[in-house]
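To keep things clear, I will list the structure first and then write my remarks on it.
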Amino acid sequence: MSNLTFSQKITICLFCFAIALVGFMIKLPHAFRHPGEDKSLHFLFYFCAAAFLNILFKKRHAVIFIFLLFFGIFIEFFQSFSNRFFSSRIHGDFDIKDVKYNIAGLILFSVIWVGFRMITFIFKKLFK
């Protein structure tokens, strides 16, 4: 992915987040509406989104973390707002547990990513 230009990377991100936004705004299929399943999906999405963005934009981990953190909070507020805006209920209400699982996915990825980057740095210095 290093041969992509910055504008191509941004275009890919905008496309993916537009799809994610639609995905977060519609009700989940009935099979995924169990509280444990929903929380697992939040955790997995934010873990994978952090991985995708960190691979796409190397050396921007803190910016990506903050962006995804605010995106996760914003989407919960937007879900709650959408229920008042549209005539039919398209999603549930704000759920602080969803935000907690979003953050847990981000933190776990961050621990793995920072650990990987540190090990890579150490090996580069030792075997230079």
Side-chain angles (χ1 to χ4, degrees):
M1 292 206 188
S2 61
N3 56 349
L4 295 174
T5 66
F6 185 75
S7 62
Q8 289 172 325
K9 291 177 182 180
I10 293 295
T11 302
I12 291 168
C13 288
L14 290 174
F15 177 75
C16 290
F17 275 96
I19 292 170
L21 194 62
V22 170
F24 276 116
M25 292 310 300
I26 59 174
K27 279 189 179 180
L28 289 172
H30 188 68
F32 295 110
R33 287 191 199 158
H34 305 291
E37 303 248 348
D38 176 51
K39 305 310 177 232
S40 299
L41 291 173
H42 277 268
F43 178 89
L44 188 61
F45 174 81
Y46 281 86
F47 182 90
C48 291
F52 173 74
L53 291 172
N54 276 281
I55 290 168
L56 196 60
F57 299 100
K58 291 185 173 114
K59 300 179 183 176
R60 303 269 193 281
H61 179 73
V63 172
I64 292 166
F65 185 94
I66 292 167
F67 170 76
L68 287 173
L69 176 68
F70 282 111
F71 180 79
I73 295 167
F74 164 78
I75 203 73
E76 287 299 316
F77 279 113
F78 196 67
Q79 287 171 350
S80 187
F81 172 74
S82 69
N83 290 328
R84 290 185 290 263
F85 184 73
F86 295 106
S87 59
S88 65
R89 190 172 176 88
I90 65 170
H91 203 279
D93 293 317
F94 180 91
D95 187 355
I96 193 68
K97 289 181 182 177
D98 287 348
V99 174
K100 288 178 182 178
Y101 278 83
N102 298 348
I103 294 170
L106 288 173
I107 290 172
L108 179 61
F109 176 78
S110 295
V111 167
I112 293 168
W113 183 257
V114 170
F116 172 76
R117 298 287 293 182
M118 286 174 35
I119 291 168
T120 303
F121 177 78
I122 291 168
F123 271 88
K124 283 182 181 178
K125 291 294 181 186
L126 289 175
F127 299 108
K128 199 172 188 184

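Please read these numbers as outputs of a predicted model, since none were measured by experiment. Count residues from 1 along the sequence.
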Under 6.0 Å between ring centres, would you say that holds for [X] and [Y]?
X	Y	value
Phe17	Phe67	yes
Phe74	Phe70	no
Phe43	Tyr101	no

Side-chain contact, heavy-atom cut-off 4.5 Å: [X] with [Y]?
X	Y	answer
Lys100	Lys39	no
Phe45	Leu41	no
Val99	Tyr46	no
Leu4	Leu56	yes
Ile75	Leu21	yes

Quiz item: What's the verdict on side-chain contact (heavy atoms from CB on, under 4.5 Å) for Asn54 and Phe109, showing C-alpha distance, side-chain angles and the deciding distance?
Solution: CA-CA 10 Å; Asn54 276 281; Phe109 176 78; 3.3 Å; yes
Considering all heavy atoms, the nearest [X]-[Y] contact:
X	Y	value
Glu76	Asp95	OE1-N, 3.1 Å
Leu53	Cys13	CD2-SG, 3.4 Å
Ile55	Lys58	O-CG, 3.9 Å
Leu106	Ala50	CD2-CB, 3.9 Å

Quiz prompt | Reported CD1-to-CG distance for the pair Ile103 and Asp98, which is rounded to 0.5 angstrom | solution =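 CG of Asp98 is found 11.0 Å from CD1 of Ile103.
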Quiz item: Are Ile19 and Phe47 grouped together when hydrophobic residues (ILVMFWY) are joined by side-chain heavy atoms under 4.5 angstrom apart?
Solution: no
